[in-house]
Amino acid sequence: MPLMPRKVKYRKSQRGSRAGNANRGTKLSFGDYGLQTLERGWIKNNQIEACRVTINRYLKRKGKVWIRIFPHKPTTSRPPETRMGKGKGAPEHWVAVVRPGLMLFEIGGVSETLARDALRRAANKLGVSCRFVSRDSN
């Protein structure tokens, strides 16, 4: 089951603005270590799921993982080799809008080296550059 909202008011949404920095969700709130974005962009639902699976497999189900983002925005795409016009395409997948400074994942209950490696592997699955943060560095 893909990560997506149960119900939305409108089936299709506009692209919106990605300008500015994140003003909420920039601090570690739950765990001791986190993955923070340095760029703005869209993160698809399957990328978030791939990160979750990667982190859990690397930690061998030890510690606790918090996912701090959720894909609320539907993105549409047109079928291939379609002529211009004829309206907007069908909803294809769901994305989370991320701005610089947003905390994506948090990990608690494991050592720093284990958390650093797990989050580095997760960051490779994302299309935006990220950095590792710890509670003592904040």
Side-chain angles (χ1 to χ4, degrees):
M1 187 71 195
L3 206 56
M4 61 187 276
R6 280 197 195 99
K7 186 178 165 188
V8 289
K9 190 167 186 179
Y10 298 108
R11 209 166 64 91
K12 299 174 183 177
S13 74
Q14 295 185 335
R15 289 180 185 273
S17 168
R18 287 182 270 184
N21 295 332
N23 50 11
R24 282 191 196 111
T26 58
K27 302 268 191 284
L28 285 169
S29 300
F30 305 101
D32 300 320
Y33 309 103
L35 191 66
Q36 190 176 39
T37 57
L38 299 172
E39 298 180 349
R40 65 194 79 249
W42 285 349
I43 297 181
K44 292 186 196 176
N45 54 357
N46 57 355
Q47 289 174 314
I48 298 170
E49 180 65 15
C51 289
R52 184 191 68 79
V53 168
T54 302
I55 292 169
N56 284 336
R57 281 190 182 155
Y58 189 77
L59 295 180
K60 298 190 172 80
R61 309 268 307 278
K62 290 185 176 55
K64 187 153 172 51
V65 179
W66 290 270
I67 303 172
R68 297 280 306 271
I69 54 172
F70 187 83
H72 289 288
K73 180 189 271 297
T75 58
T76 62
S77 72
R78 304 280 300 279
E81 299 178 18
T82 310
R83 293 193 179 180
M84 296 293 285
K86 311 254 189 314
K88 191 169 179 170
E92 199 66 28
H93 48 260
W94 295 82
V95 297
V97 179
V98 297
R99 294 183 173 92
L102 187 73
M103 203 62 66
L104 303 178
F105 298 94
E106 291 187 29
I107 296 179
V110 294
S111 68
E112 182 175 349
T113 55
L114 207 61
R116 191 179 287 273
D117 284 347
L119 291 175
R120 180 183 50 80
R121 287 166 185 256
N124 289 334
K125 309 271 186 239
L126 300 171
V128 293
S129 63
C130 303
R131 71 174 182 163
F132 176 83
V133 292
S134 61
R135 197 168 282 286
D136 56 344
S137 68
N138 277 4

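When a residue number appears, it is its place in the shown sequence, counting from 1.
Between Pro5 and Pro71 the shortest heavy-atom distance is CD-O, 3.4 Å. When all heavy atoms of Leu102 and Ala22 are compared, the closest pair comes out as N-CB, 3.8 Å. Here the shortest heavy-atom pairing between Ile107 and Ala118 reads CD1-CB, 4.2 Å. For the residue pair Gly20 and Pro100, the shortest heavy atom distance occurs at O-CD, 3.7 Å. Residues Tyr33 and Leu119 come closest through the heavy atom pair C-CD1, 4.3 Å. Here the closest non-hydrogen pair linking Arg78 and Gly89 is CD-N, 3.5 Å.
With a 4.5 Å cut-off on side-chain heavy atoms, Thr75 and Ser77 do not count as touching. Considering only heavy atoms from C-beta on, Val97 stays 4.5 Å or farther from Arg40 through its side chain. Put simply, the side chain of Leu104 does not reach to within 4.5 Å of the side chain of Arg68, judged on heavy atoms. At a threshold of 4.5 Å between non-hydrogen side-chain atoms, the residues Ile67 and Phe105 count as touching. At a threshold of 4.5 Å between non-hydrogen side-chain atoms, the residues Met103 and Phe30 do not count as touching. The shortest side-chain heavy-atom distance between Asn124 and Thr54 does not fall under the 4.5 Å cut-off. Counting only heavy atoms from C-beta outward, the side chains of Pro74 and Val8 never approach each other to under 4.5 Å. Within the 4.5 Å cutoff, no side-chain heavy atoms of Lys125 are placed close to those of Gln47.
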field: From CA spacing to verdict: side chain to side chain contact (heavy atoms under 4.5 Å, CB included), Tyr58, Leu114
entry: CA-CA 8 Å; Tyr58 189 77; Leu114 207 61; 3.9 Å; yes
task: Please assess Leu126 against Val98 for the test side chain to side chain contact (heavy atoms under 4.5 Å, CB included), listing each intermediate value before the final yes or no.
output: CA-CA 11 Å; Leu126 300 171; Val98 297; over 6 Å; no
task: Applying side chain to side chain contact (heavy atoms under 4.5 Å, CB included), run through Glu106 and Leu28 and close with a yes or a no.
output: CA-CA 7 Å; Glu106 291 187 29; Leu28 285 169; 3.7 Å; yes
message: Pair Trp94, Leu3 - check side chain to side chain contact (heavy atoms under 4.5 Å, CB included), show working.
response: CA-CA 8 Å; Trp94 295 82; Leu3 206 56; over 6 Å; no
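Annotation: the span from Ser111 atom OG to Lys62 atom NZ amounts to 11.0 Å, rounded to 0.5 Å. Note that CD1 of Ile48 and CD1 of Ile69 are 4.0 Å apart. Values are rounded to the nearest 0.5 Å. Atom CG of Asn45 is separated from atom CD of Glu49 by 9.0 Å, given to the nearest 0.5 angstrom. Rounding to the nearest 0.5 Å gives a distance of 10.0 Å between CG of Asn21 and OG1 of Thr26. Atom-to-atom distance recorded for Thr76:OG1 and Arg15:CZ is 7.0 Å, nearest 0.5 angstrom. Ile55 CD1 to Arg61 CZ: the interatomic distance, rounded to the nearest 0.5 Å, is 14.5 Å.
In terms of modelled atom types and a separation under 3.5 Å, the side chain of Arg135 and the main chain of Gly31 share a donor-acceptor contact. A side-chain donor-acceptor contact under 3.5 Å links Gln36 to the backbone of Gly101.
Residue-environment remark: CZ (Arg120) exceeds the threshold of 12 foreign heavy atoms within 6.0 Å. For Lys12, the NZ atom sits in a packed shell: over 12 heavy atoms of surrounding residues, nucleotides or ligands are nearer than 6.0 Å.
Follow the hydrophobic side-chain contacts under 4.5 Å out from Val95 and you never reach Val128; the two are in separate clusters.
Relative to the six-membered ring of Trp66, Lys64 meets both conditions, a distance below 6.0 Å and an angle of at most 45° to the axis.
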